[in-house]
Protein chains: 2
Amino acid sequence: MTRNPTQALPAAPRRSARHADGAGQTTGREIRPGVVAFKRSRILEEASALFYEKGYETATLDMLADRLSATKPFLYTYFKGKAAILSAICEMGVTESLAALDRIEASSAEIGAAPVDLLRTSLREVAGIIIDRIEYLVVYQREMMNLERGDAQRILRLRHEFDLRIGRMIEACMRDGSITVADAPTMSVWIGGLLSWMTYCYRPGSARSGEAVVEQAVKACLRLVGLD
Amino acid sequence: MTRNPTQALPAAPRRSARHADGAGQTTGREIRPGVVAFKRSRILEEASALFYEKGYETATLDMLADRLSATKPFLYTYFKGKAAILSAICEMGVTESLAALDRIEASSAEIGAAPVDLLRTSLREVAGIIIDRIEYLVVYQREMMNLERGDAQRILRLRHEFDLRIGRMIEACMRDGSITVADAPTMSVWIGGLLSWMTYCYRPGSARSGEAVVEQAVKACLRLVGLD
DNA sequence: GCCGCGTTTTACCCGCTAGTATATTTTTGG
DNA sequence: CCAAAAATATACTAGCGGGTAAAACGCGGC
């Protein structure tokens with residue numbers, strides 16, 4: 001209804017730049033792409049909050065536009081439609097988690113950390129991402145079925161890749177004898193379950209209880225693989 | 001569109017009678033209430049399947065009526081509205097699980113079973129119910145927010161009661177020294193998480209893999225409390 | 001065979017929302 | 001300071017789905 005869609009701060013990317021955009025005044029060359037990326041992420045930010053509290057179907061594009069102090073056609077210049085916005089939201093959690101694993105595995109290989117420490121660090125980091133992006137993840141879990149077929153499959157593949165990599169970490173731990181599990185791939189799925197359950201334990205607004213949930217979840221995961 | 005809403009078999013109540021209705025030809029007295037209950041449970045059965053595959057908002061009452069070979073106003077004679085149908089579906093999983101705990105605790109007290117066996121049996125039984133009622137539970141997890149405030153709270157209270165009772169079982173096990181956990185109530189919540197995650201591991205139609213998922217889930221739960 | 005009552009259907013309304021064609025404002029660069 | 005073009009808003013449509021009033025059906029009893 002009113003004006004000025006860009007009244008607030010950036011979409012607070014947790015760490016890495018997901019969009020491969022040099023946002024802001026990098027070299028002076030091309031400021032536009034960064035602005036576009038900023039607007040897109042602001043839309044996603046507000047959309048995830050809206051979908052989180054109202055549900056995807058109940059939430060309307062007009063509501064979303066109002067929250068951004070913009071209008072509906074504005075949204076259509078940055079996303080193909082409602083489904084595209086949902087798709088982008090749903091993809092964030094996994095993408096960020098995979099990026100975190102990349103980062104951790106790289107630095108872990110450098111310093112030659114023990115497999116158990118790699119696993120522990122990974123779990124803690126991913127648990128942290130889940131708390132930070134809780135709204136995105138809840139929306140994904142709930143609204144999965146509203147995704148278009150192709151989007152749903154793409155995201156599912158990413159999730160499988162995540163499970164696979166956790167499974168490999170578990171196997172590495174088994175090889176050096178620090179833990180014992182019946183079947184690493186299976187166990188990685190149950191670990192995924194515990195991590196997902198964090199979305200039930202933690203509600204945004206509960207302030208610092210987030211870190212407590214992270215601790216509990218990591219501990220539970222480790223216990224599942226026979227550590228602790 | 002067509003006729004004959006009652007073409008199939010009863011709603012296959014898994015074990016106990018949840019509605020306290022003497023369905024069928026009990027004494028010859030009053031057949032009507034049983035018929036009404038039957039129709040209600042047929043509606044719920046079909047509705048849960050529909051909501052499961054389409055989602056609550058996407059699914060329409062016309063679709064549901066068609067599946068039952070009936071019409072929309074027919075539904076309104078048995079339920080106040082769409083939300084009432086959802087509410088009834090969402091309540092089933094917890095209610096049945098609590099009933100199972102009642103049954104198990106009663107018979108367990110009779111034969112004086114060990115606390116660990118009580119816990120083990122309870123987990124296995126509830127896991128079985130989850131597989132049997134998977135569609136009801138998935139719908140509940142997904143569509144919770146579409147419940148009216150009162151319904152949502154009532155069901156949540158039932159879930160808390162469930163967690164509480166699992167927590168008490170864990171404490172009993174701790175008292176006799178068979179397991180050790182940091183905090184029983186907290187642990188019961190994570191057990192709830194593992195059990196809920198079964199809905200992700202098992203898709204209806206996967207035939208006998210259901211029992212395998214039950215075994216895995218129970219094993220994971222036991223490992224969580226330090227049993228192997 | 002026909003009456004009356006409970007059940008089920010036909011036919012309808014109302015409100016709402018994704019998406020769009022067109023107008024208007026803002027920015028760019030000359 | 002002014003045109004061209006990019007960004008954003010206004011105003012509209014089309015279709016759908018929840019809910020309902022009133023007609024039609026069917027099944028006991030007489």
Side-chain angles (χ1 to χ4, degrees), chain A residues 1-8 25 28-43 46-47 50-51 54-89 143 146-148 151, chain B residues 1-7 25 28-43 46-47 50-51 53-89 143 146-148 151:
Chain A
M1 253 51 175
T2 57
R3 308 284 155 79
N4 188 16
T6 59
Q7 82 280 34
Q25 63 281 36
R29 219 175 147 43
E30 289 298 342
I31 185 175
R32 202 56 32 79
V35 172
V36 169
F38 169 72
K39 286 179 185 171
R40 281 180 58 99
S41 70
R42 273 287 299 146
I43 291 172
E46 217 61 53
L50 182 64
F51 292 170
K54 302 278 187 194
Y56 175 70
E57 299 277 357
T58 308
T60 74
L61 291 182
D62 284 316
M63 284 170 167
L64 177 55
D66 274 5
R67 285 204 180 204
L68 291 159
S69 300
T71 59
K72 197 160 43 172
F74 168 81
L75 302 173
Y76 276 84
T77 65
Y78 292 97
F79 290 94
K80 215 190 93 197
K82 205 184 179 189
I85 296 177
L86 178 63
S87 168
I89 289 173
E143 315 293 357
N146 288 310
L147 289 168
E148 271 149 44
D151 293 326
Chain B
M1 256 48 176
T2 56
R3 308 283 155 78
N4 186 18
T6 60
Q7 81 279 36
Q25 63 283 40
R29 221 173 145 47
E30 289 300 340
I31 187 174
R32 206 57 34 81
V35 172
V36 169
F38 169 72
K39 286 178 185 170
R40 281 179 59 98
S41 69
R42 274 287 298 145
I43 291 172
E46 217 62 51
L50 183 64
F51 292 170
E53 61 184 48
K54 303 277 188 196
Y56 175 70
E57 298 279 357
T58 308
T60 73
L61 290 182
D62 284 316
M63 283 171 166
L64 177 55
D66 274 6
R67 284 204 181 204
L68 292 159
S69 300
T71 59
K72 196 161 44 172
F74 167 81
L75 301 173
Y76 276 83
T77 65
Y78 294 97
F79 290 95
K80 215 188 94 197
K82 205 184 180 190
I85 295 177
L86 179 64
S87 168
I89 289 173
E143 315 293 357
N146 288 309
L147 289 169
E148 271 149 43
D151 293 326

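Naming: A, B, ... by sequence-line order, numbering from 1 per chain. Only a predicted model underlies this, so the values are computations on that prediction, with no experimental measurement involved. Only this structure's heavy atoms are used, side chains among them; waters, hydrogens and symmetry mates stay out.
Taking atom CG on A:Asp62 and atom C1' on D:dC12, their separation rounds to 13 Å, with Å as the unit. Taking atom CG on B:Asn146 and atom P on D:dG18, their separation rounds to 12 Å, with Å as the unit. One interatomic measurement links the two molecules: CZ of A:Arg40 to P of D:dA7, which rounds to 14 Å at whole-angstrom precision. The nearest whole Å value for the distance from the CG atom in B:Leu68 to the C1' atom in C:dT8 is 13 Å. As rounded to whole Å, 19 Å separates atom P of D:dA11 from atom CG of A:Leu61. Here D:dG19 presents its P atom at 9 Å from NZ of B:Lys80, a figure rounded to the nearest Å. Rounded to an integer number of Å, the gap from B:Leu64 CG to D:dG17 P is 13 Å. Atom CD in A:Glu57 sits roughly 14 Å away from atom C1' in D:dG18 (whole-Å rounding).
Looking at heavy atoms from C-beta onward, B:Leu64 lies in side-chain contact with B:Ile85 at the 4.5 angstrom threshold.
In this structure, the nucleotide among C:dG19, C:dT8, D:dA9 sitting nearest to the side chain of A:Phe74 is D:dA9. The side chain of A:Tyr78 sits closest to D:dT8 out of D:dA9, C:dT9, D:dT8.
For CD of B:Glu53, the number of neighbouring non-hydrogen atoms (other residues, nucleotides, ligands) closer than 6.0 Å is greater than 12.
For the side-chain contact (heavy atoms from CB on, under 4.5 Å) with B:Leu61, the lone residue among B:Phe79, B:Tyr76, B:Phe74 that qualifies is B:Tyr76. Partner of B:Glu46 under the salt bridge (charged side-chain N to carboxylate O under 4.0 Å, His left out) criterion, out of B:Arg40, B:Lys54, B:Lys39, B:Arg67: B:Arg67 alone.
In terms of position on DNA chain C, the residue among B:Pro73 and A:Met63 whose nearest nucleotide sits closer to the 5' end is B:Pro73.
Considering only side-chain N and O atoms, A:Tyr76 lies nowhere under 4.0 angstrom from the phosphate OP1 or OP2 of D:dT8. Taking side-chain N and O atoms only, B:Lys39 has a distance below 4.0 Å to OP1 or OP2 of C:dT8.
A donor-acceptor contact under 3.5 angstrom links the side-chain atoms of A:Lys72 to the base of C:dG19.
Nucleic acid contact class of A:Thr60 (heavy atoms, under 4.0 Å, all strands): sugar-phosphate only. Contacts of B:Ala83 with the nucleic acid, taken as non-hydrogen atoms under 4.0 Å apart, are absent.
A donor-acceptor pair under 3.5 Å is formed between the side chain of B:Lys82 and the backbone N or O of B:Tyr56.
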